[in-house]
Amino acid sequence: KMNTDIGQHILKNPGVAQAIVDKADLKQSDIVLEVGPGTGNLTTRILEKAKRVIAVEQDPRMAAELTKRFQATPAAKRLELVLGDVIKMPELPYFDVCISNTPYQISSPLTFKLLATSPSPRSCVLMFQREFAMRLFAKPGEKLYSRLSVNAQMWAKVDHVMKVGKNNFNPPPQVESNVVRITPKNPRPQISYDEWDGLLRIAFVRKNRVLRSGFLGTSTVMEMLEANYKTFCAQNDIQLDDGPVDNAVDMDLDAGADEVEWDGIMDVDDDEEVPDFFREEADKKKLQDNPNRKRKGKVAELVRSKVKKVLEVETQLAEKRARLCDEGDFLKLLYAFNQEGIHFS
Ligand code: SAM
């Protein structure tokens with residue numbers, strides 16, 4: 001009996017399975033990473049076209065079934081089965097192409113992991129639930145535009161391959177699916193993935209907020225940037241005076257208290273409902289009411305003035321909302337921040 005809780009919707013239509021593998025344009029020399037092989041419906045077709053398959057499967061029962069299926073077949077020695085959670089693997093092994101009927105609960109982390117992989121794979125052919133696939137294509141200002149959209153479009157070209165109705169699966173999932181092909185840009189853009197994604201994580205904590213409040217108004221963010229700045233200075237032999245600031249009292253006047261818990265891993269897109277105006281007013285009020293506002297040191301003040309300069313002067317993006325910023329805006333921001341010694345990783 002299948003456990004639907006862990007995303008085991010087995011593809012039962014052989015035509016769809018074959019189409020997915022065909023769309024990957026495999027070469028005889030390819031090493032293919034397959035995520036979640038299940039009972040091997042895709043695996044068997046991939047083995048016909050590629051040199052080697054590395055199949056990562058979390059469910060031991062599935063892994064056992066897969067082993068049984070290929071045991072004593074000539075293909076067995078070209079199949080390497082890795083038992084485990086692909087997301088928890090610290091580093092993916094080398095592969096040319098990734099193919100996956102993706103367990104839907106790992107769609108987002110898997111996509112980020114594939115986009116961060118360097119050297120980039122040649123392509124990834126992945127089945128996702130429809131809304132997730134739409135997020136990969138979303139443009140600035142569209143409802144589904146998110147950190148995922150910007151990242152996908154920054155690092156890759158995303159093509160729609162086909163729609164797959166739920167009845168092609170056993171058991172049928174709740175939602176419709178789409179197959180997409182993610183082709184990483186070649187050459188890979190010459191920026192650091194961690195820096196870029198670190199900036200996007202901050203901007204998209206609340207994608208409806210203006211960048212000013214996402215940065216200057218969120219003290220956890222400012223504290224992180226301050227810590228990074230100290231590291232940067234230490235690495236570059238830049239002396240810092242971190243004494244107390246005399247007139248610290250006015251420092252945070254343009255900041256909102258940070259009601260956002262910034263844990264660095266959020267990709268929250270569900271704040272559509274609360275208009276920013278109300279949120280920003282509430283932020284201001286909280287701040288005025290807070291008698292324990294921390295006295296900040298000189299480095300905090302320096303970092304704050306750098307961030308302000310980047311947002312207000314260098315890029316003039318302070319009043320723009322993340323959901324309206326395109327790739328070019330974020331690149332401009334990252335460049336200007338880095339010029340000031342402000343880093344995100
Ligand atoms: N490839 C098969 C097919 O198309 O019929 C099965 C696809 S099924 C939707 C997803 C498979 O991924 C399941 O076998 C499940 O056990 C496995 N899986 C779920 N989470 C995983 C993870 N984090 N790492 C590796 N495999 C995972």
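No experiment lies behind these values; they were computed from the predicted model shown. Indexing begins at 1, ligand by ligand and atom by atom, following the structure's order.
No part of M127 comes within 4.0 Å of ligand 1, judged by heavy-atom distances. Contact annotation for N41 and ligand 1: only side-chain heavy atoms (C-beta onward) come within less than 4.0 Å of the ligand. When non-hydrogen atoms are compared, ligand 1 lies under 4.0 Å from the backbone of P37 (N, CA, C, O) but not from its side chain. Contacts between M62 and ligand 1, counted as non-hydrogen atom pairs separated by less than 4.0 Å, involve the side chain only.
In terms of the salt bridge (charged side-chain N to carboxylate O under 4.0 Å, His left out) criterion, residue partners of R52 (sequence neighbours excluded) are, by chain and number, E80.
In terms of polar-atom proximity, defined here as any N/O pair under 3.5 Å, G36 does make such a contact with ligand 1. Here's the thing with L11: one of its N/O atoms is less than 3.5 angstrom from an N/O atom of ligand 1. Of the N or O atoms in H9, none lie within a sub-3.5 Å distance of an N or O in ligand 1. Checked against a 3.5 angstrom limit, the closest N/O atoms of E57 and ligand 1 fall inside it. Below 3.5 Å of separation, one finds an N or O of D85 facing an N or O of ligand 1.
Atoms of ligand 1 found under 4.0 Å from any heavy atom of D59, numbered from 1 in the order shown, are 16 (O). Heavy-atom proximity to E34, at under 4.0 Å, picks out these atoms of ligand 1: 1 (N). Interface atoms of ligand 1 facing G84, defined by a heavy-atom separation under 4.0 Å, are 24 (N), 25 (C). Below 4.0 Å from some heavy atom of V56 lie the following atoms of ligand 1, by number and element: 25 (C), 26 (N).
Of the listed residues (N101, T102, V86), the one carrying the non-hydrogen atom nearest atom 7 (C) of ligand 1 is N101. Counting only non-hydrogen atoms, the option in E65, K12, Q58 that gets closest to atom 20 (N) of ligand 1 is Q58.
In this structure, the separation between CZ on R147 and OG on S108 is 6.5 Å, given to the nearest 0.5 Å. In this structure, CD on E312 lies 11.5 Å from CG on L211, to the nearest 0.5 angstrom.
F132 pairs with exactly one of V175, T111, T102, V180 by the side chain to side chain contact (heavy atoms under 4.5 Å, CB included) rule, that one being T111.
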Q | Verdict with reasoning, W196 to M154, per side chain to side chain contact (heavy atoms under 4.5 Å, CB included) | A | CA-CA 10 Å; W196 168 259; M154 173 68 188; 3.6 Å; yes
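The pair K298-D241 meets the salt-bridge criterion, since a charged nitrogen lies less than 4.0 angstrom from a carboxylate oxygen. Using a 4.0 Å cut-off between a side-chain N of Lys or Arg and a carboxylate O of Asp or Glu, D22 and K49 qualify as a salt bridge. Ion pairing between E319 and R212 holds under the 4.0 Å rule for side-chain N and carboxylate O.
Ring centroid separation for the pair Y104 and F128 does not come in under the 6.0 Å cut-off.
For the pair R78 and F70, the NZ or CZ position fails the cation-pi test of under 6.0 Å to the six-membered ring centre and within 45 degrees of the ring normal.
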